[in-house]
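Below is one structure, written out as structure tokens; the observations come after it.
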Amino acid sequence: MFHIFTVIGARPQFVKAAVVSLAIKRLGRGIIKESIIHTGQHYDYSMSGIFFKELNIPRPIDNLNVGSFSHGKQTGIMLERLERVFIRDHPDMVLVYGDTNSTLAATLAAAKLHIPVAHVEAGMRSFNKLMPEELNRVAVDHMSDILFCSSDASVKNLRREGIPDKNNGKCCVVLNVGDVMVDALKFFYSYAEKRSKILAKLNLKPRNYYLVTVHRAENTDSLEKLKVIFKSLNIIAEKGSCVVIPMHPRTLSALKRLGMKNFSKNMRIIGPVSYFDMLLLEKNAAGIFTDSGGVQKEAYIFRVPAITLRTETEWVETVKSGWNTLVPINEKAIMLAFDKMARFKRDSLRVTSNIYGDGKASGRIAGFFQKYFITTVKIKPGLG
Ligand code: UD1
Ligand code: UDP
């Protein structure tokens, strides 16, 4: 059996790994064993445990319980603990997702031990090196051996950086498999519809509320920007629209530091919700405000208009399609974009093709591993 170690630690990675794990189980039977390592970057039940339970993700063989620290310290602790696990267990492949500190630490630990790394969501770029995620992605892509891309744009980004051609003798593969978040949404939506009671619980009517998620460092570390965002949302709520905000713990602490309270009664600030609840909230929203990568994409897949509270995005296709608008953090721009979104006619836009794939990305990833281990590796190192 070939052993893949999947390293995950942050909320969006749980969603992505859930569907890929299922596909590996299905297609890798008798050939591949997958074990999950949880770095512990996210640890609150609402940010971690609930995803394992709801999405039936296999129980991690190790939880490194890293917790929250500055970037260097958090990544450093993960690096040290992951290295220990990899040296102990000799995985045949390390599988990582996205662009978090967990992704970077796992890739660096594995690459230095010459363990092949497969990166899901490779090639995404915002071209903004002030974003911690951009630094992580670029480093991870240049150290990875198998780069699973979500779109044509991400393949082009890698080629522009000389991957795979300049990977100096190292076997390196770039494949556009589609986006595993499409798979997750398609696979789990019917379960979510049956099980989630969130609309009734919050007394929400379809298309009668706006959904908001904000957690990006550039918005939460700047109290000035955070103030503009919440002031604008509060004006929208005061004018009569219901605004539902499942709040990331990082944003909650920033808001407390800011001392902003006495919001309109139409501002519904709640804790982070489960994936099933989130899918229902997204699908039925009149519009979405976000700075999340995953939520931008999900809004697009559900064809719900979105305002992205950033000046650039990795998910450029959502903007080109007309469903997503990038808005700088100033009150006038946010209010203008909101007025436009409130008047948006969903049937005014042609439904574009599936730019992020057909919902079969995880099958392609597992299928690739199956062939890779049978044809490329053949003899298991250390056992041959
Ligand atoms: C991380 C990722 C980001 C991703 C996001 C998904 C990096 C650099 N950033 O950002 O790309 O979009 O996850 O949500 O890896 N906290 C809690 N409880 C938790 C987790 C976090 O209270 O379970 C609080 C802590 O105060 C912590 C802060 O949130 O300091 C930020 O958490 P962290 O994981 O460092 O970054 P995210 O903003 O979540
Ligand atoms: N999500 C969730 N509950 C929430 C907020 C987000 O289940 O309260 C899901 C969302 O549907 C998407 C993923 O988490 O699948 C996105 O994660 P996040 O916004 O934290 O990170 P990003 O995608 O920006 O890296």
Side-chain angles (χ1 to χ4, degrees), residues 8-19 38-51 54-55 65-75 77-78 96-106 121 124 126 130-137 139-140 150 179-185 188-189 192 196 198 211-221 244-254 256-257 269-283 285 288-302 304 308-310 313-315:
I8 48 181
R11 175 167 68 185
Q13 298 171 328
F14 308 138
V15 174
K16 294 165 199 173
V19 276
H38 191 323
T39 62
Q41 178 169 348
H42 287 173
Y43 42 85
D44 290 346
Y45 181 70
S46 62
M47 295 293 289
S48 170
I50 194 162
F51 292 87
E54 189 171 74
L55 310 183
N65 290 315
V66 169
S68 305
F69 292 105
S70 64
H71 285 273
K73 185 166 175 183
Q74 186 182 56
T75 312
I77 300 173
M78 287 181 199
V96 297
Y97 292 86
D99 50 25
T100 70
N101 289 344
S102 299
T103 320
L104 176 64
E121 232 176 56
M124 300 318 304
S126 65
L130 294 175
M131 275 181 87
E133 292 84 359
E134 184 74 356
L135 302 174
N136 290 347
R137 296 176 190 125
V140 167
S150 306
D179 197 307
V180 295
M181 287 196 95
V182 178
D183 302 25
L185 187 151
F188 288 115
Y189 185 70
S196 170
I198 191 76
L211 178 68
V212 180
T213 79
V214 180
H215 74 274
R216 207 76 24 233
E218 68 202 61
N219 287 333
T220 54
D221 287 358
V244 179
I245 315 175
M247 196 170 282
H248 190 293
R250 170 186 203 121
T251 318
L252 187 62
S253 11
K256 278 187 188 149
R257 277 205 303 282
I269 300 181
I270 55 176
V273 295
S274 77
Y275 182 61
F276 287 177
D277 286 349
M278 191 64 183
L279 290 183
L280 266 288
L281 285 173
E282 288 171 339
K283 170 102 183 341
I288 296 178
F289 294 82
T290 193
D291 59 10
S292 153
V295 176
Q296 282 176 67
K297 248 183 307 174
E298 286 162 352
Y300 170 77
I301 300 165
F302 282 131
V304 173
T308 291
L309 298 163
R310 290 176 54 192
T313 180
E314 303 73 24
W315 307 100

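Just the heavy atoms: all of them, side chains too, but no hydrogens, waters or symmetry mates, feed the values below. In each ligand, atom 1 is the first atom listed, and ligand 1 is the first ligand listed.
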Nearest heavy atom to atom 19 (O) of ligand 2 wins, so pick from Gly98, Gly294, Ser292. Ser292
Where is the nearest protein heavy atom to atom 21 (O) of ligand 2: which residue, which atom, and how far? Pro12 CG, 3.5 Å
Are Phe14 and His38, when compared by the centres of their aromatic rings, separated by less than 6.0 Å? yes
Measure from the side-chain N and O atoms of Ser196 to the backbone N and O of Ala192, and report whether any donor-acceptor pair falls under 3.5 Å. no
Min heavy-atom dist Glu133 to ligand 2 below 4.0 Å: no
Quick one: does Lys297 get a heavy atom under 4.0 Å from ligand 2? no
Tell me, which protein residue and heavy-atom name are nearest atom 9 (C) of ligand 2, and how many Å apart are they? Met278 CG, 4.2 Å
Classify the ring geometry between Phe188 and Phe276 as parallel (under 30°), tilted (30 to 60°) or perpendicular (over 60°). tilted
Before you tell me yes or no, could you show the steps for Arg250 and Asp221 under salt bridge (charged side-chain N to carboxylate O under 4.0 Å, His left out), namely the whole-Å CA-CA distance, both residues' side-chain angles and the distance that decides it to 0.1 Å? CA-CA 9 Å; Arg250 170 186 203 121; Asp221 287 358; 3.2 Å; yes
What's the shortest distance from atom 18 (N) of ligand 1 to any protein heavy atom, and which residue and atom give it? Asp44 OD2, 2.9 Å
the protein heavy atom lying closest to atom 12 (O) of ligand 1 turns out to be His215 NE2, 2.8 Å
Any chance you could lay out the side-chain hydrogen bond (donor to acceptor under 3.5 Å, both in side chains) test for Tyr97 and Ser102, step after step, and finish with the verdict? CA-CA 9 Å; Tyr97 292 86; Ser102 299; over 6 Å; no
Provide the number and element of each atom of ligand 2 under 4.0 Å from a heavy atom of Met181. 12 (C), 15 (O)
When you measure from atom 20 (C) of ligand 1 to every protein heavy atom, which one gives the shortest distance, and what is it? His42 CD2, 3.4 Å
Could you tell me whether some N/O pair between Glu298 and ligand 2 is separated by less than 3.5 angstrom? yes
Contacting atoms of ligand 1, where contact means under 4.0 angstrom from a heavy atom of Thr100: 2 (C), 7 (C), 15 (O)
Where ligand 1 meets Glu133 - atom numbers and elements under 4.0 angstrom, heavy-atom basis: 2 (C), 3 (C), 9 (N), 11 (O)
Test item: Gln13 side-chain N/O and Gly9 main-chain N/O as donor-acceptor pair under 3.5 Å: yes
Tell me the contacting part of Ala10 for ligand 2: side chain, backbone, both, or neither, using a 4.0 Å heavy-atom threshold, strictly below. neither
Are any side-chain N or O atoms of Glu54 and backbone N or O atoms of Tyr275, one a donor and one an acceptor, separated by less than 3.5 Å? yes
Need the ligand 1 atom indices (1-based, order shown) with element for anything under 4.0 Å from a heavy-atom of Arg250. 28 (C), 29 (O), 31 (C), 36 (O), 37 (P), 38 (O)
Tell me, please: is Met247 in heavy-atom contact with ligand 2, that is, under 4.0 Å? no
Please report the shortest heavy-atom distance between Arg216 and Gly293, naming the atom on each side. NH2-N, 3.6 Å
What are the two closest heavy atoms between Ala285 and Val304, and how far apart are they? O-CG1, 3.6 Å
Within the structure, does Arg216 bring an N/O atom to less than 3.5 angstrom of an N/O atom in ligand 2? yes
Enumerated ligand 1 atoms positioned under 4.0 Å from heavy atoms of Pro12: 6 (C)
Closest protein heavy atom to atom 8 (O) of ligand 2, given as residue, atom name and distance to 0.1 Å: Val273 N, 2.9 Å
What residue and heavy atom of the protein are closest to atom 4 (C) of ligand 2, and at what distance? Arg11 NH1, 3.3 Å
Using a 3.5 Å cut-off on N or O atoms only, is Pro246 in polar contact with ligand 2? no
Quick one: look at His215 and ligand 2, take heavy-atom pairs under 4.0 Å, and tell me if it's side chain, backbone, both or neither. side chain
Within a strict 4.5 Å, meaning less than it, do heavy atoms of the Lys283 and Tyr189 side chains meet? yes
For Asp99, the ligand 1 atoms whose distance to one of its heavy atoms is below 4.0 Å: 11 (O)
Among Phe69, Tyr43, Tyr45, Phe14, the residue with a heavy atom nearest to atom 23 (O) of ligand 1 is Tyr43
Looking at side-chain heavy atoms only, is the closest gap between His248 and Ser292 below 4.5 Å? no
Less than 3.5 Å apart, any donor N or O on the side chain of Thr290 or Thr213 sitting next to an acceptor on the other? yes
If you look at every heavy atom in Gln74 and Gly67, which pair is closest and at what distance? NE2-O, 3.0 Å
Full working for side-chain hydrogen bond (donor to acceptor under 3.5 Å, both in side chains) between Glu133 and Thr103: CA-CA 10 Å; Glu133 292 84 359; Thr103 320; over 6 Å; no
His248 N/O under 3.5 Å from ligand 1 N/O: yes
I need the nearest protein heavy-atom contact for atom 1 (C) of ligand 1: residue, atom name and distance, please. Gln41 NE2, 3.7 Å
Within the distance-only criterion (no hydrogens, no angle test), does the side chain of Asp44 pair as donor or acceptor with the backbone N or O of Ser46 below 3.5 angstrom? no
Where's the contact between Met47 and ligand 1, heavy-atom distance under 4.0 Å: side chain, backbone, both or neither? side chain
Among all protein heavy atoms in this structure, tell me which lies nearest to atom 22 (O) of ligand 1, with the distance rounded to 0.1 Å. Pro249 CB, 3.2 Å
As an exercise, identify every atom of ligand 2 less than 4.0 angstrom from a heavy atom of Glu282. 11 (O)
Considering only heavy atoms from C-beta outward, does the side chain of Glu314 approach that of Arg137 to under 4.5 Å? yes
With a cut-off of 4.0 Å, which atoms of ligand 1 are near a heavy atom of Ser68? 25 (C), 27 (C), 30 (O)
Looking only at heavy atoms, which two atoms of Met78 and Ala105 are closest? And how far apart? CB-CB, 3.5 Å
Under 3.5 Å, N or O to N or O, is Val15 touching ligand 2 that way? no
List ligand 2 atoms under 4.0 Å from Ser274, heavy atoms only on the residue side. 7 (O)
May I ask you to test the His215-Asp291 pair for a side-chain heavy-atom distance under 4.5 Å? yes
